[in-house]
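Proteins come first, then strands; the chains are lettered A, B, ... in the order of their sequence lines, and each starts at number 1.
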Number of protein chains: 2
Amino acid sequence: MTDPAGPRATPTPPTSAAVARRAGVSRATVSYVLNGQAAGRVGERAQARVRAAAEELGYVPHAAARSLRAGRGSIVLLAAPADTVPVFGPLLTRFLAGFQTALHALGYTGVLHGAPAASPLAAARAWAELRPAAVLTLHGPPLDEPAVALLRRAGTAAVLTHGPVAPPGAHTLLLDQREAGLRAGAHLLAGGRRRIGVVLPAEPGLAAYAEPRLAGVRAAAAAHPDAEVRPLDLALTEESAARLAAAWPRLNLDAVFAYNDEYAMLLMRALQDAGHTIGVRSPGEVAVVGADDLLLGRLLRPRLTSVRAEITPPERIAGLVDELVRSPGTPPATHRLGTFRVAARDSG
Amino acid sequence: MTDPAGPRATPTPPTSAAVARRAGVSRATVSYVLNGQAAGRVGERAQARVRAAAEELGYVPHAAARSLRAGRGSIVLLAAPADTVPVFGPLLTRFLAGFQTALHALGYTGVLHGAPAASPLAAARAWAELRPAAVLTLHGPPLDEPAVALLRRAGTAAVLTHGPVAPPGAHTLLLDQREAGLRAGAHLLAGGRRRIGVVLPAEPGLAAYAEPRLAGVRAAAAAHPDAEVRPLDLALTEESAARLAAAWPRLNLDAVFAYNDEYAMLLMRALQDAGHTIGVRSPGEVAVVGADDLLLGRLLRPRLTSVRAEITPPERIAGLVDELVRSPGTPPATHRLGTFRVAARDSG
DNA sequence: CGCTACCACTGACACGTGTAACGTCGCTCG
DNA sequence: CGAGCGACGTTACACGTGTCAGTGGTAGCG
């Protein structure tokens, strides 16, 4: 373990004891000063000396030691199985940035960890090792019961998971995917469409989203006795889209709600290439509605109609997390993560 | 701090001492067994008892205590200023997923942290608190000298930062953006184009990439005395693209290399809407080359030509990190993160 | 002058873990 | 029979931090 090659390979980070020695005070005094507990306990001069010493040595407190002592850590873990990370859309990444900033302001360290998806329990173990103050999932398969139990047992004060309903002990972050389908379906039905295809992505991580969206469309269609809803499988490749477009005449549909703007654009282009017309002006056209309202959806012609999630401001969620961490007895509840709205354009 | 509302709010996580009590052995024995150091020290029966007890209690080691004892932590920090996180493209997120999995296999915990961008030094402080085994940046403004010094002083064994050249003490991860420009420029020149516009994104975080790409195009043009290269500003909005398209005739260009497929598509659509033709078949057409080779680039017509980065497999980078962590004396060097290649399609 | 109150600090402990050093058996060999 | 020796465990310390309980010393007050 001792490496003769390294000259002074790891020059031992400065500790609070080093700061104390340099400032000529005790270690306790250093701690009080650097944590703002010095009022009425430590004189001005001593405080100044401590601060100067800390600055000169480049002292940075050791988070591990601190959270060991404090009993609870200060890190907030945004957990995501590794294979779902690539799926992160611009919406989520934008939220993520704001969230981490907000957490920082509250004294936490927000961190994103994509564990290997092999076993969800193994992932939870890896997360539990960090003894995070809170764990949230926004994406991918939600935490299951054993995972939540493990985390709770490891002292995690707040566990929040997305999905329709969280296992016992965990709070629910609700971005009701059903609502997305409901809005899209209602929009298409109001436009006179009755035979609606719903694109289900073939990518495995996304089924958890696609199912409730499909259910939402079905719920919207229930109000119209003559409406018909049919699921369609589509992978994110040109070949897959071409296959679906080739089969289109047999399907006898007049509208599609795609899982995503990307899927929508892919399919729309394939339909156009197969000779179909996209839009809602005449009954012969195919109406297409996507989701996420990507900028690129406006580049195709006609412009893509899209269901957009309006996410709760990240500061609000950060505040919620803080609250839950500080009063860990709070009974689990459901918290809205956002709502959906249709951005109507030309395609549907 | 004591919360009367919480019944048994935090049921104190099980420690190795609890496992030891339950198994009827000492704490040291537990440690040996659970870390695989039991060969020849602990009998089979005792090992079995320890493992069973750990399982029953749901014991998970406390990473903070462990890294406190070990001196160095096991977390590998992927650092990114918060405002650059939304810019993560599919390439990087895909890399990220594989990287975290590979790190996990090597015994590290890979974690992504977007610190508030306010002060780069403050961000480095936040990172240093975690005493990570390694810190890398792939994106955004690279680490500067004080940040690297702070991290090194905090005991971080390996600091790797992207960008043309790393500050002293840090390794360089090279994804040579100049090369992207070089390839795109060479491709356009080989296709007969001579007056090349280069799109510089108005978004602030991206200047660090855009500059060297521009330089690369200039370098490619240097071989042709009659070639001309002109920078163009463009924001990622339809209005900005329309403005640029309106000014197009005055610019007298016959090709564009855009920062990104997104920028490329945006501009391409705006040019088309302004009556220009995209392609390379006739001299009157405008050749467009993007970057990143997004699937969506193939949906527009003509299909978008693109410069694609071929990123080093994440396992390789993870192995490199492990190597550097284990022999911290290694003098800083430059490591290739990938190379660029042109995916030629119809637009340029 | 005695008592209290306050100030400016310090000593010491606990948090959970890994591991080097140190027993304690039971057995074998000289 | 004692010494030596594996096999099997344990005792004890260190890591860096936060904070409770003191501890002198000085000043205020009756």
Engineer: In whole Å, I'd like the distance from the CZ atom of A/R66 to the C1' atom of C/dG16.
Structural biologist: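 So the two atoms are 18 Å apart, to the nearest Å.
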Engineer: Do the non-hydrogen side-chain atoms of B/V33 and B/R51 ever get within less than 4.5 Å of each other?
Structural biologist: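 The answer is yes, as the side chains (C-beta and beyond) meet within the 4.5 Å cut-off.
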Engineer: Are any of the side-chain heavy atoms of B/L78 and B/V135 separated by less than 4.5 Å?
Structural biologist: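 No - every pair of side-chain heavy atoms lies 4.5 Å or more apart.
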Engineer: With side chains defined as the heavy atoms from C-beta onward, is the minimum distance between A/L34 and A/Y59 less than 4.5 Å?
Structural biologist: yes
Engineer: Calculate the interatomic distance between B/Y59 atom OH and C/dG16 atom P; express it in whole Å.
Structural biologist: 10 Å
Engineer: Rounding to a whole Å, what distance do you find between A/H62:NE2 and D/dA14:P?
Structural biologist: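 The answer, rounded to whole Å, is 17 Å.
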Engineer: What integer distance in Å separates A/L68:CG from D/dT17:C1'?
Structural biologist: 8 Å
Engineer: Look for any protein N or O under 3.5 Å of an N or O in nucleotides 9-12 of chain D and output each such pair with its distance, or none.
Structural biologist:
| residue | atom | partner | partner atom | Å |
| --- | --- | --- | --- | --- |
| D/dG9 | OP2 | B/G43 | N | 2.6 |
| D/dT10 | OP1 | B/S26 | N | 3.4 |
| D/dT10 | OP2 | B/S26 | N | 2.7 |
| D/dT10 | OP2 | B/S26 | OG | 3.0 |
| D/dT10 | OP2 | B/T29 | OG1 | 2.8 |

Engineer: Would you say a side-chain N or O of B/S16 is under 4.0 Å from OP1 or OP2 of C/dG16?
Structural biologist: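 Indeed not, no polar side-chain atom of B/S16 lies that close.
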Engineer: If I take atom CZ in residue B/R69 and atom C1' in nucleotide C/dG18, what distance separates them, rounded to the nearest angstrom?
Structural biologist: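 Spelled out: CZ on B/R69 to C1' on C/dG18 is 4 Å.
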Engineer: At 4.0 Å (heavy atoms only), tell me whether A/S31 reaches a base, stays on the sugar-phosphate, or touches nothing.
Structural biologist: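 Base: the residue A/S31, judged by heavy atoms under 4.0 Å, touches a nucleobase.
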Engineer: Answer yes or no: is there a side-chain heavy-atom contact under 4.5 Å between B/V25 and B/V30?
Structural biologist: yes
Engineer: Any idea which heavy atoms bring B/A154 and B/A128 closest together, and the distance?
Structural biologist: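 That closest heavy-atom pairing would be CB-CB, 3.7 Å.
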Engineer: Expressed in angstrom and rounded to an integer, what is the separation of A/E129 atom CD from C/dG16 atom P?
Structural biologist: 16 Å
Engineer: Calculate the interatomic distance between B/N35 atom CG and C/dT19 atom P; express it in whole Å.
Structural biologist: 7 Å
Engineer: Taking atom CD of B/E323 as the centre, report whether more than 12 heavy atoms of other residues, nucleotides or ligands fall under 6.0 Å from it.
Structural biologist: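 No.
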